[in-house]
Amino acid sequence: MTHNALRKKAIGNTLLLSFLTLFSIAPFSQAETDHEIAPKVLLPFSATYEAKFSGFAVTAERKLTGSPASWRLDFSAHSMFAKIEEYSRFAQQGLQLIPQHYDYQKSGLGKDRHTALSFEDNASRVVNVYDKSRSIEKAPANLQDKISYQLQLAVDVANQKTPLKYQVADGRKIRQYEFRVAGTENIKTPMGVIETVKVERVREAGAERVTNIWFAPKWNYALVKLWQQEDNGKSYQITLTKLSIDGKEVPAEN
């Protein structure tokens, strides 16, 4: 393989690794009483995904551990050329997730990067650990980090909450994200054909970038597929290949 081909593959793998950090969605539990169905809540889980970008393939893993007082979501994706490791610690109050700490590390091709955010005073203040000048002193209510908002989205979809709008701390910037439920769809995955709820990212009119997400109610609203098309026409896709919930492996559909 030529030097240019190797570099192209390395860049493709790095872009794919970066894309994989967009979504880390967790499963839920649902308890039924004689009078009502309790809100769905997070459960510990472990998920493996196969990712593809312009012919490049990477395996990613996500794991949720802990309890409502202090959850931790870990994400990792490795390739021959780059490595990304990311985690979020957050508490859960009812259906609301309260971020506590966010950490992101990338190494390999290009410049290494390490970001850490500490959410203080019930997430009303966000301290940038390595660059205090980029801290947020008066954070808006219900602010999320770059992983916790993804879980909050899954919680809200599972509980049919609207609107699906989120404010996310990204350094000093606060980014706005909005989604909508597009209906149900049966999709084929390595774990079989499964009925899903399809969710779309809401973007400005005329935007060429498209993001679609599929959650499986039967598998406790686990994310089973995510597809994104970029402005340049290239597309990314991640697909669930293995899932365990609360220590029990989820069998594939026939």
Side-chain angles (χ1 to χ4, degrees), residues 20-32 37-49 59-78 83-106 114-130 136 139 141-159 161 164 166-170 177 213 215-224 226 238 240-250:
L20 287 171
T21 66
L22 290 174
F23 289 91
S24 304
I25 308 299
F28 309 89
S29 68
Q30 186 174 29
E32 186 172 357
I37 296 177
K40 299 175 180 66
V41 296
L42 297 173
L43 278 176
F45 82 101
S46 178
T48 302
Y49 293 86
T59 298
E61 296 181 350
R62 296 184 176 92
K63 181 182 293 186
L64 181 69
T65 56
S67 65
S70 183
W71 288 111
R72 173 166 169 153
L73 179 70
D74 284 271
F75 167 84
S76 64
H78 297 198
K83 176 176 70 174
I84 288 178
E85 294 183 343
E86 187 175 27
Y87 76 83
S88 172
R89 286 191 288 104
F90 54 93
Q92 180 182 349
Q93 297 179 4
L95 298 180
Q96 185 64 43
L97 307 184
I98 313 296
Q100 299 168 330
H101 187 84
Y102 169 79
D103 192 280
Y104 172 91
Q105 295 187 57
K106 180 184 77 71
H114 189 185
T115 301
L117 302 178
S118 178
F119 292 75
E120 301 179 354
D121 301 328
N122 205 35
S124 63
R125 180 170 180 262
V126 184
V127 176
N128 190 309
V129 175
Y130 299 113
I136 303 172
N142 300 326
L143 186 69
Q144 299 292 330
D145 66 44
K146 293 177 72 174
I147 291 184
S148 66
Y149 97 84
Q150 301 156 2
L151 293 176
Q152 186 69 66
L153 169 64
V155 170
D156 293 344
V157 170
N159 288 280
K161 181 181 177 181
L164 302 172
Y166 308 95
Q167 299 188 86
V168 179
D170 184 6
Y177 297 90
I213 313 161
F215 299 102
K218 184 175 181 179
W219 292 341
N220 298 308
Y221 285 85
L223 180 148
V224 296
L226 186 150
I238 66 172
L240 183 69
T241 60
K242 186 177 182 180
L243 174 67
S244 64
I245 301 173
D246 208 15
K248 298 179 181 179
E249 186 171 345
V250 175

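Model, not experiment: these values are computed from the prediction.
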Candidate pair Q96 and Q144, rule side chain to side chain contact (heavy atoms under 4.5 Å, CB included), full reasoning: CA-CA 10 Å; Q96 185 64 43; Q144 299 292 330; 3.2 Å; yes
Main-chain N/O of L73 paired to S88 side chain as donor or acceptor, under 3.5 Å: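 Here the side-chain-to-backbone pair does not exist.
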Side chain to side chain contact (heavy atoms under 4.5 Å, CB included) partners for Q100, two or more places apart: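 Result, side chain to side chain contact (heavy atoms under 4.5 Å, CB included) vs Q100: S70, R89, A91.
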List the atom of [X], the atom of [Y], and the distance in Å for their closest heavy-atom pair.
{"X": "A123", "Y": "I98", "value": "CB-CG2, 4.2 Å"}
{"X": "W71", "Y": "G66", "value": "CZ3-O, 3.3 Å"}
{"X": "Y221", "Y": "F215", "value": "O-CD2, 3.5 Å"}
{"X": "L117", "Y": "A169", "value": "CD1-O, 4.1 Å"}
{"X": "S118", "Y": "H101", "value": "CA-ND1, 4.0 Å"}

Taking C-beta and beyond as the side chain, do [X] and [Y] meet within less than 4.5 Å on heavy atoms?
{"X": "K242", "Y": "E249", "answer": "yes"}
{"X": "L223", "Y": "Y49", "answer": "yes"}
{"X": "Q92", "Y": "L42", "answer": "yes"}
{"X": "L153", "Y": "I213", "answer": "yes"}
{"X": "L151", "Y": "F90", "answer": "yes"}
{"X": "L240", "Y": "W219", "answer": "yes"}
{"X": "F75", "Y": "I84", "answer": "yes"}
{"X": "D246", "Y": "P44", "answer": "yes"}

Interatomic spacing from CD1 in I147 to OH in Y87 - rounded to 0.5 Å: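 The distance works out to 10.5 Å.
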From S148 atom OG to L143 atom CG, the distance as rounded to the nearest 0.5 Å: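 Reported value, rounded in 0.5 Å steps: 8.0 Å.
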Y166/Q150 under side chain to side chain contact (heavy atoms under 4.5 Å, CB included): CA gap, chis, key distance, verdict: CA-CA 9 Å; Y166 308 95; Q150 301 156 2; over 6 Å; no
Counterpart residues, salt bridge (Lys or Arg N to Asp or Glu O under 4.0 Å), relative to E61 (two or more places apart):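 Counting only residues at least two positions away or on another chain, E61 forms no salt bridge (Lys or Arg N to Asp or Glu O under 4.0 Å).
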CA sep, side-chain torsions, deciding dist, call: D103, T115, side chain to side chain contact (heavy atoms under 4.5 Å, CB included): CA-CA 6 Å; D103 192 280; T115 301; over 6 Å; no
Full working for side-chain hydrogen bond (donor to acceptor under 3.5 Å, both in side chains) between Y102 and E86: CA-CA 8 Å; Y102 169 79; E86 187 175 27; 2.3 Å; yes
Verdict with supporting geometry, K146 and D170, side chain to side chain contact (heavy atoms under 4.5 Å, CB included): CA-CA 7 Å; K146 293 177 72 174; D170 184 6; 4.0 Å; yes
